**Q** 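Got a structure for you, questions after.
These numbers were taken from a predicted model, which means no experiment stands behind them. Proteins get letters first, then strands, A, B, ... in listed order; numbering begins at 1 in each.
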There are 2 protein chains.
Amino acid sequence: MAASRSSTGSVTIEDVAREAGVSRAAVSKVIRDAYGVSPAMRERVAAAIEQLGYRPSVSARGMRGKTFTLGIEIPELSNPFFPLLLAGATAALSGSPYQLIIAPADPAHSEGYRAIQALVDRQVDGVIAVSPLVEPAWLTELAATVPVVMIGRHDRADGYDTVVSDDEAGTRRLMRHLLDLGHRDIAHLTGESDRTAPGSGVPQAIRLQTYRAVMQEAGLGDRVNVARAVDVATGAHRTALQLLTGAERPTAVFACHDEPALGVLRAVADAGLTADEVSVAGYDGIDIAGHPGISLTTVRQDGERMGRLAVELLLERITGRTEPRHEVVGPDLVVRSSTRPPRPRGTATRLQALGDH
Amino acid sequence: MAASRSSTGSVTIEDVAREAGVSRAAVSKVIRDAYGVSPAMRERVAAAIEQLGYRPSVSARGMRGKTFTLGIEIPELSNPFFPLLLAGATAALSGSPYQLIIAPADPAHSEGYRAIQALVDRQVDGVIAVSPLVEPAWLTELAATVPVVMIGRHDRADGYDTVVSDDEAGTRRLMRHLLDLGHRDIAHLTGESDRTAPGSGVPQAIRLQTYRAVMQEAGLGDRVNVARAVDVATGAHRTALQLLTGAERPTAVFACHDEPALGVLRAVADAGLTADEVSVAGYDGIDIAGHPGISLTTVRQDGERMGRLAVELLLERITGRTEPRHEVVGPDLVVRSSTRPPRPRGTATRLQALGDH
DNA sequence: GTGAAAGCGCTAACAA
DNA sequence: TTGTTAGCGCTTTCAC
């Protein structure tokens, strides 16, 4: 509590050296745990540091060597999946000399470029990027300067590492579940098409693409139904409402992730429908999906593990690895009561439904 | 996209000066918008900067002047209230030359001290702290070095500014609502007692204190019922389950914030009870509380506004203000279907309940 | 209005 | 094993 926590004041390495009666270099070596210091000196210096409450200036260190800072860029904190990533990353760094700083991508500005650049400007020793929309070419260029790990992009790049969840497998598992329940009219709710372009490597794009593929394979190509929401996290409710009150009401809606899925559930309620009439599924496995009032079927991604993995890869890079690594973590389907067998067309009563099978 | 975004490479102020045919000092003045540069020079330098894709090194700047970085320390991202704070802060900074960086407090380590210290070590121009548990004395000491704004502590300090929500008013409004509905056996679910010590200035402490006061004022002092959860965010479910299955079941449970309230709702469901039997209320006004499957009565705090306000106060401090400011923002009660009039004791059927009034 | 020069606190060669 | 020294890229007087 006392001196060691005392304010940064302006006690420099010089002061410590004087106090301990050694040279600045000696102090530097001690704090960096560098080779060639006698235990005696180490102790003297440590005592002086403690005594004076010395804290090395990260700025000054950054000018010559490392900052012991890792930067992570995050597109939005409102989606509960991202905090999970952060929790994993923070945990992985616990006890290490590295400190994590987060740069939030300002939604009003250019898609994460600014935030990543801000991190680099601050001389971080490595960058974790979560923006799905930054261009791979730009990242490659960046990776030539500083170690980079990208989370959630499927395209493999040589310059940097990637950590992704297997969105195709997850989507297939979910679609299989819906088909097995007997659903045929399955709609997919996703974002605007510029964010889901095939080949973009963005999770939403993979999910859309896999949805299409599975529908085709199941002979339901003519029932492919893709609904687009302008801002999918907030706009899903509106889009779903149109979808559900339209003539061609699907029996199941698969939303590209859990946040819009919550909007769809809300729309189901607002349209006076129930889970027996419209099944809803999401993607991510956010905690609230398990709440009894929600009970959303979803594909769980282990965000914490992904965050941890990203940090591990980054530290490896910093330690010298140069061959790229690409880690894929397997998602799990979690079935809950938001998905049920479809009610036969046109039957509205329990009796008829019973007689149907 | 091109040069200006190009990697930080190692183009220095020197390179820009050479390219523009001026001195380093001149370039420095231009990028700092300092007094005494001719428009012609400004233009020449700007062109060179653009041309070379020059980015000033924050580390180097930090050694002499400012870093144009504001640091915010956050205890946990999992609670959706905090991302709101961040959204407000980010928005307030949009377009300014300042960049926000977030230091997550590692739950495994000392309560935010480390994270705040990490920020200070990085020479931020100001600090926003959200940890309710750091000692005011320590913050005062810190504030002597760098401008500080604390969010969510009620104790006033001279050295730094504070932004809080009026927890007493919010709690009174909520309690009034429950009492008006007819509830008498109202339990309060909160965290361990060391986190809710009276006079600590922590929101949870104020809410607890106000709960007690209102109960007394209503002549219900003997029915005060405070349930403690070990880790309130995750442990609320368990504690609530005990509370609801015990002999003295309350008719209403007021949780110290929305996350535990969700746990209580889950416990209500798990115990086979309904909203008619147990009313549940929370505090914060997180989005999901409005979902039809949840419909939680809560006290909304305008987190975005609080984040914005904190940034404004901090910028004022940086610009030179020294008198402390303490901003209180008023919370709003949001009534939803999770709270209803209590069912008369011992009556289990609709008929009896009907006859009762 | 512009440039030269002196550091800010630290690290990394190299010398001792 | 320890100390000396030369910068890292920038800001900031202070001359010109």
**Q** Considering the options A:His326, A:Arg317, A:Arg325, which one meets the side-chain hydrogen bond (donor to acceptor under 3.5 Å, both in side chains) requirement together with A:Asp161?
**A** A:Arg317

**Q** Select one nucleotide: of D:dC10, C:dC10, C:dG3, the one nearest the side-chain heavy atoms of B:Ser23.
**A**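 So the nucleotide nearest the side chain must be C:dG3.
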
**Q** Take atom OH of B:Tyr35 and atom C1' of C:dG1, then tell me their distance rounded to the nearest Å.
**A**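 In whole Å, C:dG1 C1' and B:Tyr35 OH are 9 Å from each other.
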
**Q** From the set D:dT12, D:dC8, C:dT2, return the single nucleotide nearest to any side-chain atom of A:Met63.
**A** D:dC8

**Q** It should be established whether A:Ser28 places a side-chain nitrogen or oxygen under 4.0 Å from OP1 or OP2 of nucleotide C:dC10.
**A**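 No, no such contact exists.
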
**Q** Choose from D:dT11, D:dG9, C:dC10 the nucleotide whose nearest atom is closest to any side-chain atom of B:Ile31.
**A** D:dT11

**Q** Write down the distance between CD (B:Gln123) and C1' (D:dG9), rounded to a whole number of angstrom.
**A**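 Going from B:Gln123 (CD) to D:dG9 (C1'), I get 14 Å.
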
**Q** Tell me which of B:Arg24 and B:Ser38 sits closer to the 5' end of DNA chain C, going by the nucleotide each one is nearest to.
**A** B:Ser38

**Q** Count the heavy atoms belonging to other residues, nucleotides or ligands that lie under 6.0 Å from CZ of B:Arg44, then report whether that count exceeds 12.
**A** yes

**Q** How is A:Ala26 classified with respect to the nucleic acid when contacts are heavy atoms under 4.0 Å: base, sugar-phosphate, or nothing?
**A** sugar-phosphate

**Q** Let's see if you can work this out: which of C:dG7, D:dT4, C:dG9 has an atom nearest to the side-chain heavy atoms of A:Ala60?
**A** C:dG9

**Q** Looking only at heavy atoms, what is the nearest atom pair of B:Ala157 and B:Thr140, with distance?
**A** CB-OG1, 4.5 Å

